[in-house]
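Each chain gets a letter, A, B and so on, in the order its sequence line appears, and its residues count up from 1. Note that the structure is predicted; figures quoted are calculated from it, not measured.
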There are 2 protein chains.
Amino acid sequence: MKKVTINSVASYAGVSKKTVSRVLNNEPNVSDATREKVLKVFKELDYTPNPIARGLAQNRSFIIGCLYDNPSKSYITRVQTGALAACHELNYNLLIHPCELRGEELISNIEHLIQTSRLDGIVLTPPFSDFPELVSFLKSKKIPYARVASAVLEDDSISVRSNDEQGAFEITEHLIKLGHKEIAFIKGHPDHSATEQRFKGYRRALASNGIEFDERLVEEGNFSYHSGVDSARTILDLNPRPTAVFASNDYMAAAVLKLATQMQLRVPDDISIVGFDNAPIARHIWPGLTTIAQPVEEMTQQAVKQLITHISDPQESPYQVTLEAKLITRESTAAIK
Amino acid sequence: MKKVTINSVASYAGVSKKTVSRVLNNEPNVSDATREKVLKVFKELDYTPNPIARGLAQNRSFIIGCLYDNPSKSYITRVQTGALAACHELNYNLLIHPCELRGEELISNIEHLIQTSRLDGIVLTPPFSDFPELVSFLKSKKIPYARVASAVLEDDSISVRSNDEQGAFEITEHLIKLGHKEIAFIKGHPDHSATEQRFKGYRRALASNGIEFDERLVEEGNFSYHSGVDSARTILDLNPRPTAVFASNDYMAAAVLKLATQMQLRVPDDISIVGFDNAPIARHIWPGLTTIAQPVEEMTQQAVKQLITHISDPQESPYQVTLEAKLITRESTAAIK
DNA sequence: TGACATTATGACACCGGTGTCAGATTAGGA
DNA sequence: TCCTAATCTGACACCGGTGTCATAATGTCA
């Protein structure tokens with residue numbers, strides 16, 4: 001099997017390689033006859049252009065990077081799924097790059113990544129999406145980027161998000177409608193902008209239903225299962241015990257559930273628990289968790305698609321989108337008796 | 001910021017670009033003085049060679065692909081972590097490629113991937129590691145590949161595995177030592193070679209402890225949580241009910257646990273449950289699952305490292321390694337009363 | 001010191017595409 | 001029918017590295 005290059009195609013079709021290149025890139029100024037002739041040779045020889053040679057000539061790599069630092073494997077996988085879908089569609093490759101937000105030398109780490117891998121652009125997923133140092137670094141270096149699930153909107157950059165505040169509002173209101181008034185809240189990791197958004201939604205729901213906010217019901221978590229255990233311990237020992245717990249994600253909610261079960265509390269009869277994200281664990285435990293589902297794949301896919309479009313044609317003006325989050329009710333919530 | 005290329009380095013250092021290239025690749029036949037002079041210029045100009053140009057010249061992409069089709073997000077993430085570690089170390093990039101083993105046109109899908117992305121090699125993770133059609137395709141196309149967690153050993157290819165059969169043996173024996181004799185078994189997905197291996201280990205443990213194998217205690221699963229629910233239903237309805245259940249992975253074990261809990265069975269007092277893989281869920285549920293931990297990251301890292309080494313220097317003879325699996329005991333198993 | 005082997009270096013083509021520009025061909029209008 | 005404008009096409013340089021080979025510099029030994 002010998003290699004099929006643009007030269008072999010050109011000589012086989014009896015045209016110059018530049019003409020072949022024109023056909024390849026759908027450029028104008030090729031007569032229909034020539035175009036078809038070349039296209040036929042493509043098929044006959046089973047020709048695939050070499051992206052590396054192309055990249056060298058155009059100073060592009062056809063690679064975009066995906067940055068994440070997230071304890072939730074399912075979230076990461078969903079992000080990857082969305083990003084890959086967009087990449088496949090637009091003939092790009094995806095380079096995944098897990099790294100720590102608070103790791104030393106984040107910026108130089110990223111700079112090195114961009115330098116060595118010659119990324120054409122970067123997708124930022126939480127918590128990077130709202131990390132100012134990084135965003136302004138990319139902006140100063142003129143590296144195209146897109147932000148997924150960011151809270152802060154900048155109008156000159158690509159950003160696709162879902163409404164965390166609204167989701168938190170809705171799930172809190174769901175509890176309130178079930179008669180709950182003492183609703184504990186476990187916060188997420190302070191580096192994630194979602195943390196503040198979800199907290200805001202919680203407070204807005206309380207306020208709009210005339211329930212006074214009680215600071216003693218709020219615990220600091222960090223989205224990890226482990227932090228959920230710690231927070232749960234404090235909350236479940238409160239006297240009087242709250243009748244419901246809203247954990248800022250499903251892992252922490254699962255931790256609350258585990259601890260409650262260990263303490264012989266029945267969920268949802270004795271206490272209702274809700275999470276956020278609709279992670280697989282939400283339906284893998286008993287009782288299943290009432291939670292908020294976000295369209296993570298969809299968000300990432302749109303963000304990456306936008307990003308690649310922008311790279312290929314910088315005229316394309318970047319835009320912002322907000323997608324819907326959805327309440328999923330399972331067995332972990334019930335009306336107060 | 002203007003681009004720093006091999007030409008700028010060469011003229012700045014007062015040598016030819018070929019000499020710069022020599023220094024870059026640690027080739028011999030460069031005098032120490034020249035070498036140092038060039039290295040100093042590297043630093044001064046902050047030069048990073050362009051992998052794309054390099055790739056074009058050497059007909060390499062410095063990219064290896066990672067194939068998977070696995071319902072376990074944590075397994076996928078662990079695989080990626082290991083693969084990335086090896087890639088970073090050896091200046092390679094990783095292209096992840098989730099795809100369905102039984103999807104239509106798997107082979108042509110992979111062929112297309114290799115064609116368009118010009119992969120230098122491929123890592124196969126379960127269930128691809130032992131999929132003969134794919135392996136022989138890669139072999140016929142002379143695409144370097146490495147297999148992770150494969151059961152079948154071929155001596156002319158790279159393969160890093162852990163001993164599933166032995167792990168299953170040990171965890172079964174753990175149950176037997178606790179006094180269990182009626183131990184139900186839920187099989188994994190038939191496409192995964194681990195499925196048969198784990199089953200073998202289970203049977204060997206029974207046999208070596210003089211317990212007769214009872215076919216009625218065996219259910220067909222497919223590694224998914226959902227299949228675990230189905231199998232659990234059958235098993236927990238058996239009369240007499242087995243005193244222990246060995247599910248071939250933790251998701252299915254979690255399903256058994258969920259169903260048992262719903263049926264008011266106490267775990268481990270009424271029934272012991274064990275899983276396999278040591279997935280996060282094993283410690284996120286209550287009671288935590290006794291299971292077998294495999295060094296997935298380590299396996300993948302070694303496989304990828306081997307693979308890249310082999311690509312860079314085909315003389316390097318491929319090798320096979322088997323790493324240790326480890327029993328993790330948690331709260332889901334107890335001595336029979 | 002001369003003859004020869006060894007080491008160091010650079011000129012140049014090449015990898016497989018794309019950009020520029022000039023020249024050839026065709027179309028359209030007078 | 002001729003002239004000009006619009007459309008096609010190809011020659012050639014270039015992207016940033018590496019491979020080959022010739023030549024220059026140095027080392028070795030008689």
By nearest heavy atom, map B:L56 and B:T34 onto DNA chain C; which one lands nearer the 5' end? B:T34
Counting only side-chain nitrogens and oxygens, does B:S21 get under 4.0 Å of the OP1 or OP2 atom of D:dG17? no
Taking only the side-chain nitrogens and oxygens of A:S31, find out if one of them lies under 4.0 Å from OP1 or OP2 of D:dT9. yes
Is it the case that B:Q80 and A:Q80 place a side-chain donor and acceptor less than 3.5 Å from each other? yes
Picking from C:dC15, C:dG10, C:dG17, which would you name as closest to the side chain of A:K3? C:dC15
What nucleotide, of D:dT7, D:dG17, C:dG16, holds the atom closest to the side chain of B:A53? D:dG17
Between D:dG16 and B:N50, is there an OP1 or OP2 to side-chain N/O distance shorter than 4.0 Å? no
Spacing between A:I52 atom CD1 and D:dG16 atom P, to the nearest angstrom: 16 Å
Within the structure shown, what part of the strands sits under 4.0 Å from B:P51 by heavy-atom distance: base, sugar-phosphate, or nothing? nothing
Counting any heavy atom closer than 4.0 Å, what does A:P49 reach on the DNA or RNA strands: base, sugar-phosphate only, or nothing? sugar-phosphate
Identify which nucleotide among C:dG16, D:dA11, C:dG17 has an atom closest to any side-chain atom of A:L24, counting heavy atoms from C-beta outward. C:dG17
Ignoring hydrogens and angles, are the base of D:dG17 and the side chain of B:K17 linked by a donor-acceptor pair under 3.5 Å? yes
Kindly give the heavy-atom pair with the smallest separation between A:S193 and A:A149, and that separation in Å. OG-O, 4.2 Å
Has A:N25 got a side-chain N or O lying under 4.0 Å from the OP1 or OP2 atom of C:dT18? yes
Would you tell me whether A:T77 and A:S74 have side-chain atoms, one donor and one acceptor, within less than 3.5 Å of each other? no
Looking only at C:dG16, D:dA11, D:dT7, the nucleotide nearest the A:K18 side chain is D:dA11
Identify, between B:A57 and A:R54, the residue whose nearest nucleotide on DNA chain C lies closer to the 5' end. B:A57
Distance check needed: D:dC21 C1' versus B:N29 CG, whole Å only. 14 Å
Whole-Å distance between D:dA25 P and B:D32 CG? 19 Å
What is the distance from CD of B:Q58 to P of D:dC15, rounded to the nearest Å? 20 Å
Which part of the nucleic acid, if any, lies within contact of B:V20, taking any heavy atom under 4.0 Å across all strands shown: a base, the sugar-phosphate backbone alone, or nothing? nothing
A:G14 or B:T48: which one's nearest nucleotide on DNA chain D is closer to the 5' end? A:G14
In whole angstrom, what separates A:E27's CD from C:dG17's P? 14 Å
Nearest-Å distance, CG (B:N59) to P (D:dG17)? 18 Å
Is a donor from one side chain sitting under 3.5 angstrom from an acceptor on the other, for B:S150 and B:R161? no
Tell me whether A:K139 is salt-bridged to A:D156, with the criterion being a basic N under 4.0 Å from an acidic carboxylate O. yes
Checking only heavy atoms, does the side chain of A:R22 share a donor-acceptor pair with the base of C:dG19 at less than 3.5 Å? no
Is the phosphate of D:dC15, meaning OP1 or OP2, less than 4.0 Å from a side-chain N or O of B:T5? no
Can a side chain N or O of B:T19 be found less than 4.0 Å away from OP1 or OP2 on C:dG10? yes
Examine the side chains of A:S162 and A:Q294 and answer whether a donor and an acceptor come within less than 3.5 Å of each other. yes
Could you tell me the separation between the CG atom of B:N7 and the P atom of C:dG10, rounded to a whole number of Å? 13 Å
Write down the distance between CZ (A:R35) and P (D:dT9), rounded to a whole number of angstrom. 9 Å
